[in-house]
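Here the structure is laid out as structure tokens; the discussion comes afterwards.
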There are 2 protein chains.
Amino acid sequence: MTTKATLPLVPAASADCDAPKDVYAAACPCRDLLDLLANKWSALALGALEQGPQRFGALRARLQGVSPKVLTQTLRRLEDHGLVDREVFAEVPLRVEYSLTGLGRDACAPLAHLRTWVERNIDRFPAA
Amino acid sequence: MTTKATLPLVPAASADCDAPKDVYAAACPCRDLLDLLANKWSALALGALEQGPQRFGALRARLQGVSPKVLTQTLRRLEDHGLVDREVFAEVPLRVEYSLTGLGRDACAPLAHLRTWVERNIDRFPAA
DNA sequence: GGCTACTAGTTCCTTTTGGGTACTATGGCG
DNA sequence: CGCCATAGTACCCAAAAGGAACTAGTAGCC
């Protein structure tokens with residue numbers, strides 16, 4: 001038996017998102033956005049940019065352990081979604097600055113809550 | 001030239017986490033925890049469980065689009081970290097109930113902020 | 001001119017993860 | 001016996017994460 005037969009996983013009438021603002025709906029764009037923000041590197045990058053515009057190298061140093069490739073991907077994705085701005089200065093050596101947009105600044109609030117909750121509650125977790 | 005020569009990515013003295021509560025430190029356990037919580041399915045699963053204990057099938061229906069494998073993975077990971085409880089009832093057909101621990105309940109708050117922020121601000125995002 | 005250095009990436013490759021579909025185990029019911 | 005249900009697991013493939021090495025463009029130095 002297939003999955004489809006056992007459970008009506010999606011109401012089926014709402015393929016194009018009848019309830020347009022439900023992260024629990026698979027087809028809702030909210031899902032993609034949640035996927036973007038609920039992500040380790042995004043949360044860290046936006047938090048770093050909260051303290052002002054930063055260069056690529058500075059972000060790389062702040063987000064300890066991030067590889068340049070992943071950092072580029074993360075920043076591009078945030079840029080594509082209108083959360084950060086990328087500004088290139090034709091200096092030498094080349095300088096590129098990343099900064100938050102208004103939207104990005106707003107998105108920082110819930111992510112900051114998450115980060116600080118983690119830091120404040122880490123001791124309550126089993127050592128494993 | 002290698003990466004090591006150009007940037008001291010990690011202070012190197014703090015391999016075992018001198019500042020024990022910094023999500024920006026690669027070696028800090030906070031990092032793993034952030035990775036666990038800052039995750040689409042975790043955020044959705046914990047949010048679903050906020051409304052009371054749920055069976056596997058109910059969660060699967062609520063988290064539209066999740067496959068049984070991924071749901072199992074997500075729930076086990078949350079269980080391993082002490083965020084959810086898993087209770088098996090030896091009935092027939094088998095019943096398994098998932099519920100939040102105290103820690104899990106606390107973790108819901110920041111995640112709920114994130115989910116509702118997304119739902120409330122989705123319209124501000126570029127259509128792309 | 002040739003060498004080095006700087007920044008901000010990209011490319012290539014391997015490993016890990018995500019994810020779907022199909023299948024299993026258990027037991028009641030007709 | 002065959003069928004239903006639930007709660008998963010097994011298997012496989014594709015996508016993504018991730019690391020190390022390499023590139024581009026320019027300036028300064030010898």
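Convention: sequence-line order gives letters A, B, ...; per-chain numbering from 1. Small disclaimer: the values here were computed from a predicted structure and weren't measured.
Between D:dA17 and A:W41, no contact under 4.0 Å exists linking OP1 or OP2 to a side-chain N or O. The side chain of A:K40 places no N or O atom within less than 4.0 Å of a non-bridging phosphate oxygen (OP1 or OP2) of C:dT17. An OP1 or OP2 oxygen of C:dG20 is reached within less than 4.0 angstrom by a side-chain nitrogen or oxygen of B:S67.
A donor-acceptor pair under 3.5 Å links the side-chain atoms of A:T101 to the main chain of A:L83, judged by distance alone. The main-chain N or O of A:V23 is found under 3.5 Å from a side-chain atom of A:R31 such that the two form a donor-acceptor pair.
Between the C1' atom of D:dG19 and the CD atom of A:Q64 lies a distance of 17 Å, rounded to the nearest Å. Regarding A:Q73, its CD atom lies at a distance of 11 Å from the C1' atom of D:dA15, rounded to whole Å. Taking atom CD of residue B:Q54 and atom P of nucleotide D:dT6, one finds them 15 Å apart after rounding to whole Å. Per the geometry, CG belonging to A:L75 stands 11 Å off C1' belonging to C:dA8, to the nearest Å. The nearest whole Å value for the distance from the CG atom in B:N39 to the P atom in D:dA16 is 15 Å. Going from atom CD of A:E79 over to atom P of C:dA8 covers 15 Å, rounded to whole Å. Between A:E91 atom CD and D:dG25 atom P there is a gap of 18 Å when expressed in whole angstrom units. Going from atom CZ of A:R95 over to atom C1' of D:dA27 covers 16 Å, rounded to whole Å.
Minimum atom distance to the side chain of B:P93 is reached by D:dT6, of the listed D:dA17, C:dG27, D:dT6. Listed nucleotides: C:dG28, C:dT21, D:dA17. Nearest to the side chain of A:V70: D:dA17. When distances run from any side-chain atom of A:R55 to the nucleotides D:dA7, C:dG20, C:dT7, the shortest one goes to C:dT7.
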Steps toward side-chain contact (heavy atoms from CB on, under 4.5 Å) verdict (B:R115, A:Y24): CA-CA 10 Å; B:R115 286 195 313 274; A:Y24 285 94; 3.9 Å; yes
Audit row: B:R77, B:E79, salt bridge (charged side-chain N to carboxylate O under 4.0 Å, His left out) steps and yes/no: CA-CA 5 Å; B:R77 217 168 139 214; B:E79 191 192 358; over 6 Å; no
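Comment: B:R124 engages A:D106 in a salt bridge, judged by a side-chain N to carboxylate O separation of less than 4.0 angstrom.
Here the CG atom belonging to B:L94 is positioned 10.5 Å from the CZ atom belonging to B:F89, to the nearest 0.5 angstrom. Separation of atoms OH (B:Y98) and CG (B:L71) is listed at 7.0 Å; rounding is to 0.5 Å.
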Polar atom pairs (N or O), protein with nucleotides 8-14 of chain D, under 3.5 Å:
residue: D:dG8; atom: OP1; partner: B:R86; partner atom: NE; Å: 3.4
residue: D:dG8; atom: OP1; partner: B:R86; partner atom: NH2; Å: 2.4
residue: D:dG8; atom: OP2; partner: B:Y98; partner atom: OH; Å: 2.8
residue: D:dT9; atom: OP1; partner: B:R76; partner atom: NH2; Å: 3.3

